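These numbers come from a predicted model, not from an experiment. Residue numbers begin at 1 in each chain, while the letters A, B, ... track the order of the sequences.
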Amino acid sequence: MSAKATYDSREVEKKWYAYWMEHDYFRSVPDDREPYTIVIPPPNVTGVLHMGHMLNNTIQDILIRKARLDGKNACWVPGTDHASIATEAKVVHKLREQGIKKSDLGREDFLKHAFAWKEEYGGIILKQLQLLGASCDWERTRFTMEPKMYAAVIQVFVKLYRSGKLYRAQRMTNWDPEAQTVLSNEEVIHTDENGNLYHVRYRMEGTDDTYITIATSRPETIMADTALAVHPDDKRYQHFHGRKVIVPLVGRVVPVIPDDYVDPEFGTGALKITPAHDPNDYELGQKYGLDVIDILTPDGKLNELAQVAVGLDRIDARTEVVKMLKESGDLVKIEQYRTKVGRSERTNAVVEPRLTLQWFMKMRETAATALEAVENGEVKFHPDNMVNMYRSWLNAENVRDWCVSRQLWWGQRIPAWYHGEEVYVAQTAEEALEEARHHHPGLTLEDLQQDEDVLDTWFSSWLWPMSVFDGFGEDKTELAYYYPTNDLVTGWDIMFFWVARMIMAGYEFSEDLLGEEFVAEHGRQPFRDVYFTGMVRDEKRRKMSKSLGNSPDALELLRTYGADGVRYGMLSSAAAGNDIIFDAPLQDGEALNESQLCEQGRKFCNKIFNANRLIQGFDVADRDPDPAARLATEWIEARLNATITEVDRMMADYRLSEAMVTLYRLVWSDFCSWYLEAIKPSDGTLSRSTYDAAVSVFERMMTLLHPFMPFITEEVWHQLRHRNEGQDCIVSSWPEAGDYDVELLERFSRLQDTVTHVRDVRNQRGISHGEPLRLAVKKNASTEQLLGGNAGAGVFLRGAGNLASVDLVDGAPANGLPFLIGNDTAYLILNGEVDLAAERAQTEEELTRLRGFLKGVEKKLSNERFVANAPEGVVALERKKQADAEAKIANLEKML
RNA sequence: GGUCGAUUAGCUCAGUUGGUUUAGAGCGUUGCAUUGACAUUGCAGAGGUCACUGGUUCGAAUCCAGUAUCGACCACCA
């Protein structure tokens, strides 16, 4: 037995993690067992562990450890994502600090820097996951930019191009002027921001004082205006139809177009049309054949076409243009206005609509397939109401083609080679050349120009469940064994980015890779179940993010509460899909928050640790068990089996949080508070059979708890039986739920109620627990069953309630305080006088409550339709309620 | 503007196809307890007309409709 009364998580965690690694317990290779597979949502290679990671990796670890205990071949594949724009932004930033500009470096040198950065910082997060206890197969660690995965991406691009799903087009796209790349719609975050609505007047051509006033939030783009628009029915502006107006500052003459796109209610009812810098205006421009005048440079400055404010950043240009408009008298007024501004998810730069030439993937058909997969249950969502969000993303009206090219260097370079206007898509330059030579026999490699752009990060992530098993390589053994994976655990915020696209990839490629026969048998889906975790938010319900600085230090948390404590804390408030609120630790502890839950987890570890110390401290002798211990042992076995049954059901339904809380109560309340107290011997010596039973129950509880709290359970598991190497909790078996005696559980709970009542009486009357009292129970068939025969019940009551005697009697004893055990009368005999009046009042209060209850039940039973329609069992139950209440009332009345 | 979700004890939340003695947990709170597992503790108590209004049903926290409040997501309103 350890001398310390406090559990030291750090030492234990370090020891067991190293031990598990040494024994290769996380390792998975294909064999005869049923596989159970999870692929990690690969964190950004330069990422640092935050609360969201802790939550979702805890859940994955619980699932994988449970599967391991179930005897499956559990395989959890870890890895990192190259996160093209996020990482490139970081590298650019770092280089800038060193005075190096990305453009001065060139692609190759830049990539050298990027890889150096990756070598230095990449994978820190994976080390941090180990501190959490994550039992990933680390030998399988993958990286989305490693050669094999790079090759898979290229292969897929070529295939999709050849099947006609990829195309290149000039489109209005979201441009990040800081990263100088295009963004997908999903990478743009729209938020409400304060802005101004500028009212600017345009003079009608050929007049001196006829003006039309428009409202715009972007005055700096008026130099790119190529028209004005008004609603055709708007009386105010009908005299402008067919006329031309003059754009202030630049003097361009542009037409006024009537179009019902314009909302006459908004602003002034007149709208400037700037096709180059607004998606809607672009549409209108297309419709009316307007010029597109792009006045912005790729880094968001005004170019020569703007004529004024040239060289200024668009933000500064706005100030300048407003000043100039003021001076020219064309600025009518400025209105305060709250507007949506789109910012880049990664750089936070204000996104500019910009006409660019990009690669797109056709989504309509693919999205329909992916939607179907979830609708028909081939992929199940937990919680299942997430399907609604998924549906709204993927339905034909909302889905748009996926812009897959990015103007970055850190990523898979698009395998397209150009010869003038011609495009050759192939795995390699040589293949592209070969193809090109069909048309131009004399070409050489120098004549072909590879696309400068790389692919969207998600264009590699969507292959993850297949590419981690080298599914695109020659050898399909691994893919055929592990695919489809079982569970995917991720936040709902990347449902479209990632989950949907993996499903698309699964349906798009699995048959190619594995064959018709395989997919007919196993399906095409990349995973069968998706567990959506909630977002971890702070106390103001803001999403935790580094930029807000509102995320607690994950490593500090692990140090303070231990991995088991943190895992407990993360999970205990995290029902699937629900956001969880995580506060920074509070000094006064007034409100419950997540770190308090971690504290609770830490206390739980300590409780387990001390329960083990108690058991280890018992002496054991070969003798008959104490009757109370025998009864308590039968009971705890039944409780354990009942709990396993419950927990099994919860785990199958992905109600992990509930399962853990159920086990918490079993350990703390049932096992420690009731069972251990019941078997605790007065002389410190336990019968062997009781000791063995206690150890056996404890051991099974440790296995049940192991997926949730792996370290403490492994530690105690070993100490309990002084186990040797190789006999380890992590690879033991999940306990089977045996049959249990419901009647026993019910009987024991009546005994517990009796004890509670005795303690309550002591509390109320200030009778110390040390003072023995006597209990007399009215003798009848039911109480004889409860207390007679098996002497254990009486001994148990005597011990737990400190009663000198427990007797079955016929009459009411003197100084007896009557109360009910179930429906039966009992008397607690005090050593002094009994305050009859107070007792009477209490009894009467109880009587009133019971009579009310009985009335309700009787009303129900007197309802003929209830008796006729309700199932037999329910009616019988109501009858029993009625009989019980009547018996209780009769007993109470007699007491009075 | 559209869609989805929430509203249960002071706080944070469970409540699994409507029915098990008239709702559960943790924390907080109140009272009592301290020399051998644990004060990172034990025992006990108080605390809820399940947002509101109607409806369906023999029966509703649970299903339906409406109202109120809050939240999330999507959407091109300059």
Inset, instruction - Answer yes or no: is there a donor N or O on one side and an acceptor on the other, between the side chain of A/Asn802 and the main chain of A/His769, under 3.5 Å? - result: yes
Inset, instruction - Return the set of residues passing side-chain contact (heavy atoms from CB on, under 4.5 Å) with A/Asp683 (not counting sequence neighbours), or none when no residue passes. - result: A/Arg623, A/Pro681, A/Thr685
Legend entry - Donor-acceptor pair, side chain of A/Asn174 and main chain of A/Glu187, under 3.5 angstrom: no
Legend entry - Pairwise C1' distance, B/A25 and B/A72 [rounded to whole Å]: 27 Å
Inset, instruction - Would you please confirm or rule out a distance under 4.0 Å between OP1 or OP2 of B/C43 and any side-chain N or O of A/Arg762? - result: no
Legend entry - Spacing of the P atoms in B/U12 and B/A51 (rounded, Å): 15 Å
Legend entry - Straight-line distance of A/Arg655 CZ to A/Met660 CE, nearest 0.5 Å: 14.0 Å
Legend entry - Partner nucleotide of B/C74 by Watson-Crick or wobble geometry (both distances under 3.5 Å): B/G1
Inset, instruction - Using the ring of A/Trp175 (Phe, Tyr or Trp, six-membered ring only), decide whether A/Arg343 places NZ or CZ under 6.0 Å from its centre and within 45 degrees of its axis. - result: no
Inset, instruction - Please check if the side chain of A/Asp225 supplies one atom and the backbone of A/Ala227 the other of a donor-acceptor pair under 3.5 Å. - result: no
Inset, instruction - Round to the nearest Å and state the distance from A/Trp668 atom CH2 to B/A37 atom C1'. - result: 12 Å
Inset, instruction - Select one nucleotide: of B/G42, B/C38, B/G19, the one nearest the side-chain heavy atoms of A/Pro871. - result: B/G19
Legend entry - Spacing of the P atoms in B/U16 and B/A23 (rounded, Å): 16 Å
Inset, instruction - Without swapping roles, check the side chain of A/Thr216 against the backbone of A/Arg218 for a donor-acceptor pair under 3.5 Å. - result: yes
Pick out the pairs of N or O atoms, protein on one side and nucleotides 76-78 of chain B on the other, that lie under 3.5 Å.
unit_1 : atom_1 : unit_2   : atom_2 : d
B/C76  : O2'    : A/Asn280 : ND2    : 2.8
B/C76  : N1     : A/Asn280 : OD1    : 3.0
B/C76  : O2     : A/Tyr261 : OH     : 3.4
B/C76  : O2     : A/Asn280 : OD1    : 2.8
B/C76  : O2     : A/Asn280 : ND2    : 3.1
B/C77  : N3     : A/Asp263 : OD2    : 3.1
B/A78  : OP1    : A/Thr339 : OG1    : 3.4
B/A78  : OP2    : A/Tyr337 : OH     : 2.3
B/A78  : O2'    : A/Ala215 : O      : 3.3
B/A78  : N6     : A/Asp263 : O      : 2.7
B/A78  : N6     : A/Phe266 : O      : 2.9
B/A78  : N1     : A/Asp263 : N      : 3.3

Inset, instruction - Select base, sugar-phosphate, or nothing to describe what A/Cys605 touches, counting heavy atoms under 4.0 Å on all strands. - result: nothing
Between the protein and nucleotides 29-35 of chain B, which nitrogen or oxygen pairs come in under 3.5 angstrom?
unit_1 : atom_1 : unit_2   : atom_2 : d
B/G31  : N2     : A/Asn763 : ND2    : 3.3

Inset, instruction - Sticking with atom P, work out how far B/C63 lies from B/C70, rounded to a whole angstrom. - result: 23 Å
Legend entry - Whole-angstrom distance between B/U7 and B/G15, as gauged at atom C1': 15 Å
Inset, instruction - Report yes or no: does A/Asn612 contribute a side-chain atom to a donor-acceptor pair with the main-chain N or O of A/Val716 at less than 3.5 Å? - result: no
Legend entry - Matching residue for A/Leu228 among A/Ile212, A/Ile273, A/Val262, A/Leu271 - test: side chain to side chain contact (heavy atoms under 4.5 Å, CB included): A/Ile212
Legend entry - Contacting residues from residues 750-760 of chain A, given that a heavy atom lies under 4.0 angstrom of RNA chain B: A/Thr756, A/Arg759, A/Asp760
Inset, instruction - Ignoring hydrogens and angles, answer whether the base of B/A25 and the side-chain atoms of A/Gln600 contain a donor-acceptor pair closer than 3.5 Å. - result: no
Quick test: give all pairs of protein nitrogen or oxygen and nucleotides 46-48 of chain B nitrogen or oxygen below 3.5 Å, distance rounded to 0.1 Å.
none

Inset, instruction - Pick the C1' atom in B/U34 and in B/U40, then give their distance to the nearest Å. - result: 15 Å
If you restrict it to nitrogen or oxygen atoms, what contacts under 3.5 Å exist between nucleotides 3-5 of chain B and the protein, and what is each distance?
unit_1 : atom_1 : unit_2   : atom_2 : d
B/C4   : O3'    : A/Asn388 : ND2    : 3.4

Legend entry - Donor/acceptor link under 3.5 angstrom from A/Lys603 side chain onto base of B/U41: no
Legend entry - Atom pair CZ (A/Arg318) and OH (A/Tyr198), whose distance is rounded to the nearest 0.5 Å: 5.5 Å
